[in-house]
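Note that ligands are numbered from 1 as they come in the structure, with each ligand's atoms numbered from 1 the same way.
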Amino acid sequence: MIYLSPPHMSGKELEYVKEAFKSNYIAPVGEFIDRFEDDVKSYVNVKSAVALCNATSALHLALRVLGIRKAQVVVSTFTFIGSVNPILYERNEPIFIDVDEYWHMDVELLEKAIRENDIKAVILPHIYGQIADIFPIKKLCDENGIYLIEDSAESLGAYYKWGIENEKLKVIFSGTIGDIGVYSFNGNKLLTTSSGGVFVSNNEELAKKAKFLSTQAKEPEFIEYVHKEVGFNYRMSNILAAIGVGQMEVIEERIAKKREIFNWYKEFLDEEFMPELPNTRGTRWLTTVVFKDKNPFEVMKKLRENKIESRPLWNPMHLQPLFKGAKAYLNGRSEELFKKGLCLPSGTTLTKEQVKEICEIIHSS
Ligand SMILES: Cc1ncc(COP(=O)(O)O)c(C=O)c1O
């Protein structure tokens, strides 16, 4: 079976897990959590990182620490439900925004939504390993006193090229531009800890608060379990962080392979692919294609008959029964993409030969 994006260990993870076992920190505390947070922090160049059990909880804490409750929160309609559920956890009203030609939140529609509503936060998903055109969105947020949360669950490692500094390319990573960013380390992501997430921010106070809330909000100055507010049990385990340390060592290698796979698909398929914003480097976590004539659901069926997994593009949130009647600012793009597109196998152990075979099946369907 060829899966969409299966885990790919570096080989070091088991060694680190054994070390964690030896230390007996089989718990949501321990040396590997600190190491993993430091690794993520230094890779994306951000002041604070908090390792959590998944990115959904990281988004929930983002809203919590910013005090976004019973408010209007904007999010792209073209995303996974994990971007939106946390909005509901805090009894907020989600408002959906359609996407631009790069498949990310459309800034003009966002501007209209801001004019017509009382929006307190924007959750901006960076999808399929690419980075959104975030700076115009950040400007709008800054001008209107709106918090910006980057859902980089799918886009750890994507960056803006910011020019040359000291003869080196200066880059700014997705997740580090808004007030708070989150990354997912779920089993299907670029890197995995089986399940995991990281909350990042350049505001150390917000990160400190997120860490406090993620460990049941135990008041730190008391040993006798004193609580003044609601907390959550969202911290990452030391064992999973040990896997994360091994995974972070190979991040650039994995991105290079993902991008190579994307180029193989481009070589073998005469179709449209998700565009990459100028001056950015996406990771191509998943290669996503939009067919000119083919029905993606027929192609998916044919691939499945050949034991190859593929998936539809995101089914827009404004079409979900859960969000019937929700406000949405639309331009038809997300519905079009859903009707015509497909996510292709993008695991980093794929060979060029396998990609060629996948494309031959696509041609024949
Ligand atoms: C865009 C997006 N947001 C949020 C999530 C939630 O991440 P997690 O599974 O780590 O909770 C995911 C993926 O799972 C995602 O793709």
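Residues passing the side chain to side chain donor-acceptor pair (under 3.5 Å) test with Asp118, sequence neighbours excluded: Lys120. The side chain to side chain contact (heavy atoms under 4.5 Å, CB included) check on Ser346 picks up Lys258, Leu286, Thr287, with sequence neighbours excluded. Remark: Glu204 engages no residue in a salt bridge (charged side-chain N to carboxylate O under 4.0 Å, His left out) (not counting sequence neighbours).
Here the closest heavy-atom approach between residue Ile33 and residue Ala51 is recorded as CG2-CB, 4.2 Å.
Salt-bridge check for Glu249 with Lys12: passed, with a basic side-chain N closer than 4.0 Å to an acidic carboxylate O.
Defined by atom type and a distance below 3.5 Å, a donor-acceptor pair is present between the side-chain atoms of Glu252 and Tyr43.
For ligand 1, the protein residues placed under 4.0 Å by at least one non-hydrogen atom are Asn54, Ala55, Thr56, Thr79, Phe80, Gly82, Ser83, Asp151, Ala153, Glu154, Ser184, Asn186, Lys189, Gly196.
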